[in-house]
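Reading through the structure tokens given below for one structure.
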Amino acid sequence: MIEAREINTLNYSPDRLHEAISAAKNKLITADKYEPRSGSMLSRVVAEVYPAYQARLLASSAVDFDDLLLHIAQLLYEHAEIRAELDERYRYVLVDEYQDTNRAQYVILRALSTDHSNLAVTGDPDQSIYGWRGADLNNILEFERDYPSVNIVRLERNYRSTKRILRVADELIGHNLRRKKKELWTENGDGAPVRLIAYLDQDKEAADIAEQIRESVAAGRRTPSDFAVFYRVNALSRSLEKALRAAGVPYQMVRGQEFYARKEIKDVLAYCQLINNPRDDMAFERTINTPARGIGRKTIERLTEHAYRHGTPLLEAARASWEIEGFSKGTAAKVAAYVEIIDRIAAVVHGDLEEVIGTVLEASGYRASLAESDDEQDQNRLANIEELLTDARQFDEQNSGGGHLEEYLERSWLVNETDNWDTDTDKATLMTLHAAKGLEFPVVFIVAVEDGVLPHERVGQHPDELEEERRLAFVGITRAKEELQLSYAVTRDFRGVRRRTIPSSFLMEMPRGEMEMLGSGDSFDEAAFEPWDEPDDDEGDDSWDFQIDDETVESVSDSGSKPAMSIAAASITTAAALERSGATAGLPNSALNVVSEPEPALPRVSPDAFKQGMTVTHPEYGPGKIVALSGSGKGRRATIQFATVGEKKIILTHSAVRPAR
DNA sequence: TCCTTAACTGTTTTT
DNA sequence: CAGTTAAGGA
């Protein structure tokens with residue numbers, strides 16, 4: 001579809017376009033109402049693709065995730081009598097996790113609670129972490145305005161965490177502006193200090209965490225399921241898995257969709273989808289030459305054309321293969337053989353799922369083609385397919401009588417992250433911060449609390465996005481009941497390259513009094529943290545600012561004077577201290593080279609590189625825009641409008657301000 | 001049409 | 001690094 005329009009897929013990838021369409025749908029903008037924003041090429045492309053995409057969904061009798069809500073909202077909106085009937089039927093409506101609702105859900109809720117306004121919602125604005133998916137924080141922030149007669153109950157008592165953990169969480173989230181203030185308290189004990197550990201690299205980080213778990217379990221103090229390790233991105237799980245395996249710690253990794261998203265599983269399920277819905281052209285295209293049966297691009301092209309001309313689905317066109325012009329006898333026979341396969345599977349559609357999938361595997365030749373292969377990966381795939389059969393059998397046990405194909409497929413689409421999280425087995429848990437919401441563990445580790453990872457570098461210049469990252473950290477921290485460890489690695493391998501990292505700015509927003517700063521084992525010079533440990537005479541936010549000429553100017557002090565310390569400077573000190581202490585002695589050359597690399601942790605930017613109107617970021621104040629510049633050389637200053645704290649005047653040579661990524 | 005190899009490229013989170 | 005695409009040969 002995108003190809004047909006000769007759209008430049010480099011700038012407008014299917015992913016990006018779908019994302020844009022999804023965002024539009026979340027805002028209840030239907031294809032016919034979508035207006036391209038002037039000046040935005042992307043939106044012009046979307047305006048072209050969106051209606052075609054929607055038409056194609058309709059032709060396939062399909063809906064996407066967003067349609068699930070959009071269609072309902074539209075139905076309720078356009079048909080007063082249906083709305084009234086459903087409002088009548090559902091007298092009392094309860095919504096959990098209200099902070100994660102989007103515009104469409106909001107409209108649906110309103111529609112269902114108009115005549116019978118019995119609506120109860122629960123949620124915590126500080127735990128809204130799905131803004132990027134269309135969740136609208138305003139839904140909860142402005143609930144009182146939307147429903148003036150509302151009765152609000154604040155649940156501020158925390159029964160889960162220790163006082164220290166709670167204070168760390170509370171102070172961090174206090175840096176957010178778009179929230180509802182609340183006073184969290186608990187009668188639990190102080191508990192242990194929150195640990196902040198700097199490791200040399202991610203392998204040391206992973207190994208130490210694994211070792212801590214192993215040791216506690218061996219000592220009988222804890223059991224594996226007491227532990228959870230959270231990370232911002234899935235890619236970070238690799239070294240953790242390796243270390244846990246090496247330490248012999250049983251673990252489970254929660255990765256939603258993982259199973260059903262595998263190529264081989266999707267291949268097999270595509271046959272099922274086509275049986276379930278013969279108009280599913282995507283399933284047709286996926287299956288017709290999987291495994292390879294000599295049906296290529298050209299053949300599919302001709303089929304598509306025939307289908308288009310007759311207004312039929314592709315499978316229908318394939319049934320007429322003998323009449324299609326340009327098809328050789330051989331080609332027509334191959335296509336007919338494929339149709340035959342589909343029909344054979346369709347014949348057992350009313351049986352058990354295990355039978356349906358078993359038939360797919362046999363009739364399609366999929367299993368045989370994998371079994372013949374001597375590629376190691378294919379053997380793996382074979383194992384996954386056997387697992388799919390097991391999954392199907394389990395499903396059959398719960399849904400006896402057969403004929404439940406559609407339900408099974410639905411489940412495969414809708415499984416979420418935590419659905420396959422097993423609470424009964426005694427294993428440590430690895431998961432993303434997003435997946436962690438709603439859970440709790442006695443001991444929590446959060447790894448890679450680094451600039452660019454937690455807040456993730458892809459959060460845009462919009463302050464709301466930075467705040468969402470902060471909420472994500474908040475969610476992770478508040479999962480911990482008794483112990484919490486935050487950590488970062490001084491260097492981290494990323495995409496095959498070793499990089500020096502900068503500790504997350506969020507770490508500077510946490511109360512040092514509740515925390516314990518550590519290096520990893522004795523390989524770390526604690527002196528590196530001295531500037532942090534030293535309690536400031538004044539507390540809190542202003543500690544790195546001091547007054548000059550009436551203006552608040554921010555600067556990193558020279559070594560010697562004590563209070564001001566930016567996070568970037570801390571990381572430089574850390575690395576330097578490492579070198580001095582010979583902490584790197586045991587490392588292979590490559591690692592040593594990197595640590596002693598002349599490249600500073602914070603790329604120094606010449607003051608002249610800053611231009612008016614430029615978007616910049618600051619480790620504490622977040623993103624901002626340069627309003628004005630003054631002075632020159634070392635004295636060059638910028639007035640920056642920060643989204644979080646308003647306008648600040650900053651000396652560029654000394655500050656940690658950088659051009660936005 | 002298929003298969004192998006080399007080059008390339010892109011990287012968040014997921015109902 | 002890993003997953004995907006482009007190119008070229010069978």
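Worth knowing before you read on, the calculation uses all heavy atoms, side chains too, and leaves out hydrogens, waters and symmetry mates. Letters A, B, ... are given to chains in the order of the sequence lines, protein chains preceding strands, and every chain is numbered from 1.
Atom CZ in A:R471 sits roughly 18 Å away from atom P in B:dT13 (whole-Å rounding). Rounded to whole Å, atom P of B:dT14 lies 19 Å from atom CG of A:L68. Atom OH of A:Y338 is separated from atom C1' of B:dT1 by 18 Å (rounded to the nearest Å). Remark: P of B:dT12 and CG of A:L454 are 15 Å apart, rounded to the nearest angstrom. Distance CG (A:D64) to C1' (B:dT14): 14 Å, rounded to an integer number of Å. Here the C1' atom of nucleotide B:dT13 and the CD1 atom of A:I446 are 15 Å apart, to the nearest Å. If you measure from atom CZ of A:R499 to atom C1' of C:dC1, you get 13 Å, rounded to the nearest angstrom. One interatomic measurement links the two molecules: CE of A:M431 to P of B:dT14, which rounds to 11 Å at whole-angstrom precision.
You'll find the ring centres of A:Y98 and A:F143 inside the 6.0 Å limit. A ring-centre distance under 6.0 Å is not found for A:W132 and A:H456.
No option in A:Q99, A:E97, A:R471 other than A:Q99 meets the side chain to side chain contact (heavy atoms under 4.5 Å, CB included) test with A:Q127.
Between the side chains of A:N138 and A:R103, not a single donor N or O lies within less than 3.5 Å of an accepting N or O.
The side chain of A:R133 places no N or O atom within less than 4.0 Å of a non-bridging phosphate oxygen (OP1 or OP2) of B:dT12. Residue A:N234 has a polar side-chain atom (N or O) positioned under 4.0 Å from OP1 or OP2 of B:dT13. Side-chain nitrogen and oxygen atoms of A:T432 include at least one within less than 4.0 Å of the OP1 or OP2 phosphate oxygen of B:dT14.
Here A:W132 packs flat against the base of B:dT13; its ring centre is closer than 5.5 angstrom to the base's six-membered ring, tilted by less than 30 degrees. An aromatic stack links A:H456 and the base of B:dT12, using centre distance under 5.5 Å and interplanar angle under 30°. Stacking between A:Y130 and the base of B:dT13 is absent under the criterion of ring centres within 5.5 Å and planes under 30 degrees.
Salt bridge absent: A:E450 and A:R232 never bring a charged side-chain N and a carboxylate O closer than 4.0 Å.
Across all strands, A:N289 comes closer than 4.0 Å only to sugar-phosphate atoms, never to a base (heavy-atom distances). Nucleic acid contact for A:R238: sugar-phosphate only, since backbone atoms but no base atoms lie under 4.0 Å from a heavy atom of the residue.
Annotation: of the two residues near DNA chain B, A:T299 and A:E468, the 5′-most nearest-nucleotide partner is A:T299.
Annotation: C:dT4 and B:dT13 have their C1' atoms spaced 23 Å apart (nearest Å).
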